[in-house]
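Everything numeric in this text was worked out from a predicted model, so none of it was measured.
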Amino acid sequence: MMPELPEVETVVRTLEQQISQCQIRSVRVYYDKIVGDPKRFTDCLSGQRFRYFSRRGKYLLFQLDRNTLVVHLRMEGKFYIQDPREPLNRHIHVVFDLDNGMELRYMDTRKFGRMEVLPKELDLKNFHGLGPEPFDPIFDSEYVYAFLKRKKAPLKSVLLDQSFVAGIGNIYADEILAKIGIRPKMSARRLSKKKCEALVEAVQEILANSIELGGTTIRSYTSSLGVAGRFQTKCMVHLQKICPKCQREIKMVRVAGRSSYYCPHCQKS
DNA sequence: CCAAACCCCTGCATGC
DNA sequence: TGCATGCAGGGGTTTG
């Protein structure tokens, strides 16, 4: 569950394979709050084609002919391409009827996900107040050091702050901290320049590795092709009991309202 | 300016 | 067995 940047990237690539250039014939909305105004949403999208697929942070961006459809999957949002004869279940809230005879279905058990229709040209720099993409060259150790210097909050809270860097969620935050050997509660402004360099490397390496593997599958995540991610086999601390490095017990604390796993032996404060 | 608390939802675990 | 209770969690909003 919990699609983070690598999972969103996987969804983008998968949907691109499956529905690129497909036309939306019509849209059915079964739960209004996900799309805001369902009439505007439906009217706006009908007749347009999916032209280009991308991502900003954890937001999916579907470039259409006249608009961009923006989707945030939040906790449990998933897309499926299904035959219209396949019965709908009670967690499918939005259905796009496509001109290839299939349906793009949005399923979301907790109904936390959101969709919005925006102008075609987006200001991706300030989009939803997001900070830099993790692979953007401006996300470097100088940027990180300067940002962290003015934060006395726990380092993990800052990693989860999408205005610091876009796309990191609870799982990867734990893994990044494990990689640089820092405990989640350490005050952000105490991180040394050296550790800031390590942080940038860890963020990029962990996310890239996970994208490579097709995203994580902790709890229930599967891509829309139904392929389970394999990142979970790589988790050092998140949801773990024993540290794979030193064989000692993993501890769990709450930071910024999130369960945070770390190894007290391998990670320092 | 910043940070903490609250809200949205449902499935699942727990307790009696 | 069945019902009530409470918890997780991203990000927007509200409150301190």
Side-chain angles (χ1 to χ4, degrees), chain A residues 1-11 29-38 55-61 70-79 88-94 105-116 118 124 126-134 146-177 184-191 203 207 210 215-222 229 231-232 235 237-240 250-262:
Chain A
M1 108 174 211
M2 282 177 281
E4 301 184 28
L5 185 151
E7 292 73 32
V8 175
E9 183 69 33
T10 303
V11 173
V29 177
Y30 297 98
Y31 183 78
D32 293 355
K33 284 187 75 171
I34 287 177
V35 306
D37 178 353
R55 174 194 63 70
R56 176 77 171 89
K58 302 178 201 172
Y59 291 84
L60 290 155
L61 307 175
V70 176
V71 179
H72 197 298
L73 303 170
R74 293 284 184 95
M75 310 298 296
E76 306 201 342
K78 291 171 197 68
F79 279 107
L88 294 174
N89 71 41
R90 63 195 211 88
H91 300 303
I92 292 173
H93 308 304
V94 184
R105 295 176 170 181
Y106 178 73
M107 180 160 112
D108 189 348
T109 345
R110 290 196 182 157
K111 301 178 175 172
F112 275 10
R114 292 293 178 263
M115 299 186 188
E116 54 185 338
L118 294 179
L124 290 178
N126 297 313
F127 185 68
H128 282 268
L130 297 180
E133 286 292 316
F147 196 101
L148 298 186
K149 259 288 160 275
R150 59 189 173 87
K151 298 282 183 184
K152 69 173 181 187
L155 180 56
K156 171 147 178 190
S157 314
V158 183
L159 285 175
L160 296 173
D161 177 355
Q162 303 297 300
S163 74
F164 168 57
V165 59
I168 296 172
N170 199 36
I171 298 168
Y172 295 109
D174 280 357
E175 294 304 305
I176 289 158
L177 290 168
K185 279 189 172 171
M186 185 178 130
S187 175
R189 62 181 175 196
R190 291 185 48 242
L191 205 70
V203 166
L207 294 179
S210 179
T216 174
T217 189
I218 288 175
R219 306 219 192 151
S220 66
Y221 175 79
T222 53
F231 182 78
Q232 83 284 0
C235 274
V237 289
H238 192 81
L239 294 180
Q240 302 301 304
I250 297 289
K251 280 224 180 308
M252 201 269 273
V253 290
R254 292 194 70 77
V255 179
R258 303 283 182 270
S259 306
S260 305
Y261 297 79
Y262 71 99

Strictly below 4.0 Å: does [X] bring a side-chain N or O up to OP1 or OP2 of [N]?
{"X": "A:R90", "N": "B:dG11", "result": "yes"}
{"X": "A:R150", "N": "B:dC2", "result": "yes"}
{"X": "A:Y59", "N": "C:dG10", "result": "no"}
{"X": "A:R114", "N": "B:dC8", "result": "no"}
{"X": "A:K111", "N": "B:dT10", "result": "yes"}

For this session: Look at all strands and tell whether A:S157 reaches a base, only sugar-phosphate, or nothing, counting heavy atoms closer than 4.0 Å.
Result: nothing
Exercise. When we call it a touch if two heavy atoms are under 4.0 Å apart, what does A:D108 touch: a base, just sugar-phosphate, or nothing?
Worked result: nothing
For this session: Please check if atom NZ in A:K149 has more than 12 non-hydrogen atoms from other residues, nucleotides or ligands closer than 6.0 Å.
Result: yes
Has [X] got a side-chain atom pairing as donor or acceptor with [Y]'s backbone, closer than 3.5 angstrom?
{"X": "A:Q162", "Y": "A:G57", "answer": "no"}
{"X": "A:E175", "Y": "A:V237", "answer": "yes"}
{"X": "A:T109", "Y": "A:M107", "answer": "no"}
{"X": "A:S187", "Y": "A:K152", "answer": "yes"}
{"X": "A:D174", "Y": "A:L177", "answer": "no"}
{"X": "A:R56", "Y": "A:L124", "answer": "yes"}

Name the closest nucleotide to the [X] side chain, picking from [options].
{"X": "A:R254", "options": "C:dA8, B:dC8, B:dT10", "result": "C:dA8"}
{"X": "A:K152", "options": "B:dG11, B:dA3, C:dG12", "result": "B:dA3"}
{"X": "A:K58", "options": "B:dC9, C:dG10, B:dA3", "result": "C:dG10"}

For this session: Give me the bend of the helix from B:dC2-C:dG16 to B:dC16-C:dG2, using the axes of the five pairs at each end, rounded to 10°.
Result: 50°
Integer-rounded Å distance: [N] [atom2] and [X] [atom1]:
{"X": "A:L130", "N": "C:dG11", "atom1": "CG", "atom2": "P", "value": "8 Å"}
{"X": "A:R56", "N": "C:dG11", "atom1": "CZ", "atom2": "P", "value": "12 Å"}
{"X": "A:N170", "N": "C:dA8", "atom1": "CG", "atom2": "C1'", "value": "10 Å"}
{"X": "A:L159", "N": "C:dG11", "atom1": "CG", "atom2": "C1'", "value": "16 Å"}
{"X": "A:H91", "N": "B:dC12", "atom1": "NE2", "atom2": "C1'", "value": "12 Å"}
{"X": "A:I168", "N": "C:dG9", "atom1": "CD1", "atom2": "P", "value": "17 Å"}

Exercise. If you find the nucleotide of DNA chain C closest to A:H128 and the one closest to A:F112, which residue's nucleotide is nearer the 5' end?
Worked result: A:F112
Exercise. Can you find a donor-acceptor N/O pair under 3.5 angstrom joining the side chain of A:R258 to the base of C:dG10?
Worked result: yes
